[in-house]
Amino acid sequence: MTELAAHEFWQKIHSPGTFRSDGDFSTSYIATLEDGRQLRLPVRVLADGQHALASLIINQASFEILDVLAQSLAEKLQSFEVDVVAGLPTLGLTLAAAVAQKLGHTRYAPLGTSRKFWYRDDLSVALSSITTPTQQKRLYMDPRMLPLLQGRRVALVDDVISSGTSIVSGLRLLAGCGVEPVAIGAAMLQSRRWCETLDAAGSQWRERTVGVLSTPMLEITETGTWRRPAL
């Protein structure tokens with residue numbers, strides 16, 4: 001398997017069986033869609049040097065990749081009879097807009113981290129993320145979006161669910177607005193760390209969470225490659 005330059009990841013969907021998806025991985029992890037098609041994801045080494053994750057940055061992906069992931073997620077959300085999609089910033093906004101279009105909606109509701117002068121502090125919560133752990137940010141609801149969400153069947157969408165902290169912040173913000181989503185959606189469920197976080201937020205959330213791809217926490221081998229953990 002040829003190596004990819006950093007800018008070449010997330011640009012192409014490959015036919016089923018193009019790459020071996022078992023065994024060890026070096027710089028690329030092979031993720032498989034439900035229909036067997038494959039997507040090469042870069043391996044990101046964590047701070048301990050002993051573990052790594054497959055990465056997806058959806059606003060750097062090709063339009064083909066975005067279209068495929070949005071279509072697959074929209075299909076998974078259809079059974080929840082979603083009226084409106086709410087997107088988590090920043091990368092979740094790209095996916096949420098595309099998913100809303102696939103569901104036949106004319107708009108979506110973006111949450112934000114940039115406070116506009118007409119925003120209200122009571123419509124905000126603290127926000128943390130696995131990719132920006134040191135930044136102190138807040139997640140805001142534009143008060144003009146409230147009529148779009150209240151009393152509706154809402155799906156909360158992010159690009160990747162990893163630790164689960166961003167999703168829980170979104171749930172807290174929506175709860176403060178009197179909204180309980182019927183579903184949570186993501187292009188990728190990254191490892192299983194998010195399960196405990198969502199369980200602590202409410203026993204209902206795990207069964208309401210759907211993703212297009214599921215990728216594991218990888219462990220380093222004696223030769224410096226990466227391997228799925230033993231079951």
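Only this structure's heavy atoms are used, side chains among them; waters, hydrogens and symmetry mates stay out.
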* Asked: Of all heavy-atom pairs between Phe80 and Glu207, which one has the smallest distance, and what is that distance?
  ->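 Minimum heavy-atom contact is CZ-O, 4.5 Å.
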Shortest non-hydrogen pair, Leu53 vs Ser191, comes out as CD2-CB, 4.0 Å
Review point. Testing Leu41, Asp159, Thr215 for side-chain contact (heavy atoms from CB on, under 4.5 Å) with Leu56, which one passes?
Key: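 Checked Leu41, Asp159, Thr215 against Leu56; only one passes side-chain contact (heavy atoms from CB on, under 4.5 Å): Leu41.
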Point to revise | Among Arg192, Arg193, Arg228, the one residue meeting side-chain contact (heavy atoms from CB on, under 4.5 Å) with Met217 | key: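 Considering Arg192, Arg193, Arg228, a side-chain contact (heavy atoms from CB on, under 4.5 Å) with Met217 is found only for Arg193.
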Does a donor on one side chain and an acceptor on the other come within less than 3.5 Å for [X] and [Y]?
X	Y	result
Thr27	Glu3	yes
Arg138	Ser124	yes
Ser28	Arg40	yes
Ser62	Gln11	no

Can you measure from [atom1] ([X]) to [atom2] ([Y]) and round to the nearest 0.5 angstrom?
X	Y	atom1	atom2	value
Trp10	His7	CH2	NE2	11.5 Å
Trp205	Leu156	CH2	CG	8.5 Å
Ser166	Lys137	OG	NZ	7.5 Å
Asp24	Leu218	CG	CG	10.0 Å
Leu73	Leu213	CG	CG	10.5 Å

Requested in this report: Report the relative orientation of the aromatic rings in Tyr119 and Tyr140; use parallel for angles under 30°, tilted for 30 to 60°, perpendicular for over 60°.
Outcome: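 Taking Tyr140 first and then Tyr119, their aromatic rings sit tilted (interplane angle of 30° to 60°).
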Sidechain N-carboxylate O distance under 4.0 Å for [X], [Y]:
X	Y	answer
Glu180	Arg208	yes
Asp67	Lys102	yes
Lys116	Asp142	no

Evaluate side-chain contact (heavy atoms from CB on, under 4.5 Å) for Leu93 paired with Leu88, printing each intermediate quantity in order.
-> CA-CA 6 Å; Leu93 300 183; Leu88 275 169; 5.9 Å; no
>> If hydrophobic clusters are built by linking Ile, Leu, Val, Met, Phe, Trp and Tyr wherever their side-chain heavy atoms come under 4.5 Å apart, do Leu146 and Leu171 end up in the same one?
In response: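 In one cluster with Leu146: Leu171, yes.
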